[in-house]
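Order of appearance sets the numbers: ligands from 1, and atoms from 1 within every ligand. One is the number of the first residue; the rest follow in order along the sequence.
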Amino acid sequence: MPPKKTPAVRKVAIIGGNRIPFARSNGPYAKASNQDMLTAAIDGLVSRFSLQGEVIGEVAAGAVLKHSKDFNLARESVLGSKLSPATPASDIQMACGTGLQAIITVANKIALGQIDSAIAGGVDTTSDAPLAVNEDLRQILIQLNSAKTVGDRLRLIAKIRPGHIVPAIPRNAEPRTGLSMGEHAALTAKVWEISREAQDELAASSHQKLAAAYDRGFFDDLVTPFLKLARDQNLRPDSTAEKLAKLKPAFGGPDGTMTAGNSTPLTDGASTVLLATDEWAKAHKLPVLAYLTFSQTAAVDYVHGDEGLLMAPAYAVPRMLARAGLSLQDFDFYEIHEAFASQVLATLKAWEDPAFAKEKLDLDAPLGAIDRAKLNVNGSSLAAGHPFAATGGRIVATLAKLLHEKGSGRGLISICAAGGQGVTAILEK
Ligand SMILES: CC(=O)SCCNC(=O)CCNC(=O)[C@H](O)C(C)(C)COP(=O)(O)OP(=O)(O)OC[C@H]1O[C@@H](n2cnc3c(N)ncnc32)[C@H](O)[C@@H]1OP(=O)(O)O
């Protein structure tokens with residue numbers, strides 16, 4: 001018998017990414033479904049990397065808001081794309097961490113020698129949010145479906161009341177607290193004393209940096225026009241902290257510091273990333289932008305404890321750094337998802353705080369400050385928008401290309417997610 005092969009850990013290369021421009025909710029993509037957008041994002045990769053008819057090792061993707069008809073959205077999107085139908089695909093859901101979690105999932109399979117290539121991604125549309133029928137009506141309809149006699153059917157139909165027509169609309173809120181993401185973030189902003197001025201400055205700079213990156217052609221091979229949109233619709237290149245200062249509070253009451261300008265807007269969009277082994281890239285004559293080398297998830301008890309809903313990355317990053325043997329300052333780029341400006345600033349403040357280090361992270365010293373010039377250098381979610389599950393793919397593709405342009409170095413990714421979770425990763429050239 002030949003000796004049994006033990007799997008070796010292999011390097012996971014990021015070949016490239018693709019996304020459709022992100023659109024504001026109920027805007028140009030109002031009539032596009034999750035499947036339409038995810039298929040478009042996959043086909044953008046297919047065209048760019050000549051993958052027509054290719055059998056990819058596996059596709060993993062997801063949506064936070066998903067219709068019940070989309071049992072396996074990733075698989076349906078593959079079947080609608082120009083990839084070979086022999087490409088297996090599955091859905092993943094980890095709220096705003098979905099895209100990055102999908103990337104990590106397939107990256108681990110590549111590392112373990114289970115597949116040689118993969119596409120990971122995410123999509124979301126708040127324009128096409130799934131509406132459920134009223135719970136009482138749902139029960140009647142289910143019983144009606146299996147009623148055997150006309151009499152049974154009529155008895156059930158007679159139970160339907162006008163009030164049953166009111167649908168159950170999904171809320172952008174935590175099921176266990178009833179508070180929206182914005183309301184949760186406003187609580188955290190208060191605890192960490194994040195000023196309105198600092199939030200508006202971060203938001204304005206996100207717009208200015210994203211606009212500059214578009215202008216210099218950075219996104220030419222990362223973004224494919226869709227439904228006549230060529231750039232992210234939310235982008236306002238003329239944003240300034242002074243203009244943002246005039247907006248009224250959106251969360252945290254009349255004295256709140258969070259506004260429509262320093263919070264992400266509700267957004268529609270999709271993104272994908274192509275990952276592979278070095279050998280697969282070579283065989284397909286494709287360049288490698290960067291490697292995914294470490295990842296980490298964490299969760300916090302925001303229901304019973306005193307933790308902020310979006311603070312899990314503050315825990316995930318130090319754990320990942322310990323595994324990697326790196327300090328927070330050992331990075332050339334920091335990509336911190338801007339769910340809200342206040343949440344980025346609270347996370348940075350936590351890493352600088354001796355009490356947080358001691359009491360929460362069990363560390364002798366805080367992680368320390370980062371060089372702010374290295375933070376979200378091409379803008380982030382405040383400017384681009386945030387179609388929940390699509391943000392991970394946008395960030396990984398952006399960072400991989402930044403590292404490729406630089407020709408060396410290392411980048412940190414930190415994404416907070418609803419449910420009190422965080423997903424983080426390290427990319428290296
Ligand atoms: C883990 C996570 O990622 S959690 C994050 C999940 N995401 C969310 O929770 C989404 C949060 N965001 C929201 O719910 C909504 O976008 C809100 C409530 C903040 C704002 O919604 P709306 O009021 O519909 O925003 P709208 O786009 O109309 O903007 C309000 C005003 O601000 C203005 N504005 C918004 N951004 C800017 C800007 N960058 N510069 C100048 N003005 C701006 C708009 O022009 C508008 O002005 P107007 O009233 O004169 O027309």
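Within ligand 1, the atoms closer than 4.0 Å to a non-hydrogen atom of Cys416 are 1 (C), numbered from 1 in the order shown. In summary, the atoms of ligand 1 found under 4.0 Å from a heavy atom of Leu244, numbered by their order in the structure, are 38 (C), 39 (N), 40 (N). Each of the following atoms of ligand 1 lies closer than 4.0 Å to a heavy atom of Phe340: 4 (S), 5 (C), 9 (O). Interface atoms of ligand 1 facing Met181, defined by a heavy-atom separation under 4.0 Å, are 4 (S), 6 (C), 9 (O). Atoms of ligand 1 found under 4.0 Å from any heavy atom of Leu266 (numbered from 1 in listed order, with element): 10 (C), 16 (O).
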Practice task
For Asp353 and Lys360, run salt bridge (Lys or Arg N to Asp or Glu O under 4.0 Å): C-alpha distance rounded to whole Å, both residues' side-chain angles, the deciding distance at 0.1 Å, then the answer.
Solution key: CA-CA 10 Å; Asp353 185 48; Lys360 304 283 192 176; over 6 Å; no

Exercise for the section: Report the C-alpha distance between Tyr29 and Asp36 in whole Å, list the side-chain angles of each, state the deciding distance to 0.1 Å, and finish with yes or no for side chain to side chain donor-acceptor pair (under 3.5 Å). Expected result: CA-CA 10 Å; Tyr29 301 168; Asp36 295 334; over 6 Å; no

Exercise for the section: Walk me through it: do Tyr214 and Asp232 pass the test side chain to side chain contact (heavy atoms under 4.5 Å, CB included)? Expected result: CA-CA 10 Å; Tyr214 266 111; Asp232 305 312; 2.8 Å; yes

Exercise for the section: Check the pair Ser206, Glu338 against side chain to side chain donor-acceptor pair (under 3.5 Å), reporting the backbone distance first and the verdict last. Expected result: CA-CA 9 Å; Ser206 185; Glu338 297 167 341; 2.8 Å; yes

Practice task
Go through the steps to decide whether Lys401 and Asp221 satisfy the test salt bridge (Lys or Arg N to Asp or Glu O under 4.0 Å), and finish with yes or no.
Solution key: CA-CA 10 Å; Lys401 186 164 171 196; Asp221 59 355; 2.7 Å; yes

Exercise for the section: Report the C-alpha separation of Thr224 and Arg48 in whole Å, then their side-chain angles, then the decisive distance to 0.1 Å, and conclude whether the side chain to side chain donor-acceptor pair (under 3.5 Å) test is met. Expected result: CA-CA 10 Å; Thr224 308; Arg48 188 163 303 137; 3.1 Å; yes

Practice task
Apply side chain to side chain contact (heavy atoms under 4.5 Å, CB included) to Leu427 and Leu403, showing your working.
Solution key: CA-CA 8 Å; Leu427 302 193; Leu403 289 165; 3.6 Å; yes

Handout entry: CA sep, side-chain torsions, deciding dist, call: Leu210, His207, side chain to side chain contact (heavy atoms under 4.5 Å, CB included)
Key = CA-CA 5 Å; Leu210 185 70; His207 283 273; over 6 Å; no

Exercise for the section: Assess whether side chain to side chain contact (heavy atoms under 4.5 Å, CB included) is satisfied between Phe333 and Asn378, documenting all intermediate values. Expected result: CA-CA 10 Å; Phe333 302 103; Asn378 281 348; over 6 Å; no

Exercise for the section: Test ring pair (Phe, Tyr, Trp, His ring centres under 6.0 Å) on Phe226 and Phe22 and set out the steps. Expected result: CA-CA 9 Å; Phe226 183 64; Phe22 292 168; over 10 Å; no

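Under 3.5 Å, the side chains of His386 and Thr391 contain a donor-acceptor pair of N or O atoms. With hydrogens and angles left out, the side-chain atoms of Ser381 and Arg394 include a donor and acceptor closer than 3.5 Å.
Using a 4.0 Å threshold on non-hydrogen atoms, atom 27 (O) of ligand 1 counts as touching the protein. Counting only heavy atoms, the protein never gets under 4.0 Å from atom 23 (O) of ligand 1. Within a 4.0 Å radius of atom 51 (O) of ligand 1, the protein contributes no heavy atom. At a distance under 4.0 Å, a protein heavy atom can be found next to atom 34 (N) of ligand 1. For atom 39 (N) of ligand 1, the nearest protein heavy atom is under 4.0 Å away. Proximity of atom 10 (C) of ligand 1 to the protein is indicated by at least one non-hydrogen atom lying closer than 4.0 angstrom. Protein non-hydrogen atoms do not reach within 4.0 Å of atom 48 (P) of ligand 1.
Taking any N or O of Ser263, backbone or side chain, none lies under 3.5 Å from an N or O belonging to ligand 1. At least one N/O-N/O distance between His337 and ligand 1 falls below 3.5 Å. Below 3.5 Å of separation, one finds an N or O of Ser239 facing an N or O of ligand 1.
Heavy-atom neighbours of Asp301 CG from other residues, nucleotides or ligands within 6.0 Å: above the threshold of 12. Within 6.0 Å of CD on Glu352 lie more than 12 heavy atoms contributed by other residues, nucleotides or ligands. Within 6.0 Å of NZ on Lys190 lie no more than 12 heavy atoms contributed by other residues, nucleotides or ligands.
Side-chain atoms of Asp332 come within 3.5 Å of backbone N or O of Arg410 as a donor-acceptor pair.
Within the structure, ligand 1 lacks Gln343 among the residues with a heavy atom less than 4.0 angstrom away. The shell of residues lying under 4.0 angstrom from ligand 1, judged by heavy atoms, includes Arg236.
At a heavy-atom distance under 4.0 Å, only side-chain atoms of Leu310, from C-beta outward, approach ligand 1. When heavy-atom distances to ligand 1 are checked against a 4.0 Å cut-off, Ile415 has no atom that comes that close, whether in backbone or side chain. Under 4.0 angstrom from ligand 1, the non-hydrogen atoms of Ala417 all belong to its backbone. When heavy-atom distances to ligand 1 are checked against a 4.0 Å cut-off, Thr264 comes that close through both its backbone and its side chain.
Counting protein heavy atoms only, atom 14 (O) of ligand 1 is closest to Phe251 CZ, 3.9 Å. At the top of the distance list for atom 36 (N) of ligand 1, counting protein heavy atoms only, stands Gly261 CA, 3.6 Å. What sits closest to atom 6 (C) of ligand 1 on the protein, heavy atoms only, is Phe388 CE2, 3.7 Å. For atom 32 (O) of ligand 1, the nearest protein heavy atom (residue, atom name, distance) is Leu247 CD2, 3.5 Å. Nearest to atom 8 (C) of ligand 1 among the protein's heavy atoms is Asn172 ND2, 3.2 Å. In terms of protein heavy-atom proximity, atom 2 (C) of ligand 1 is nearest to Cys96 SG, 3.2 Å. If you check which protein heavy atom lies closest to atom 21 (O) of ligand 1, you get Ala260 CB, 4.6 Å. Atom 16 (O) of ligand 1 has its closest protein heavy atom at Pro265 CA, 3.5 Å.
Partner of Tyr302 under the side-chain hydrogen bond (donor to acceptor under 3.5 Å, both in side chains) criterion, chosen from His184, Glu174, Glu307: Glu174.
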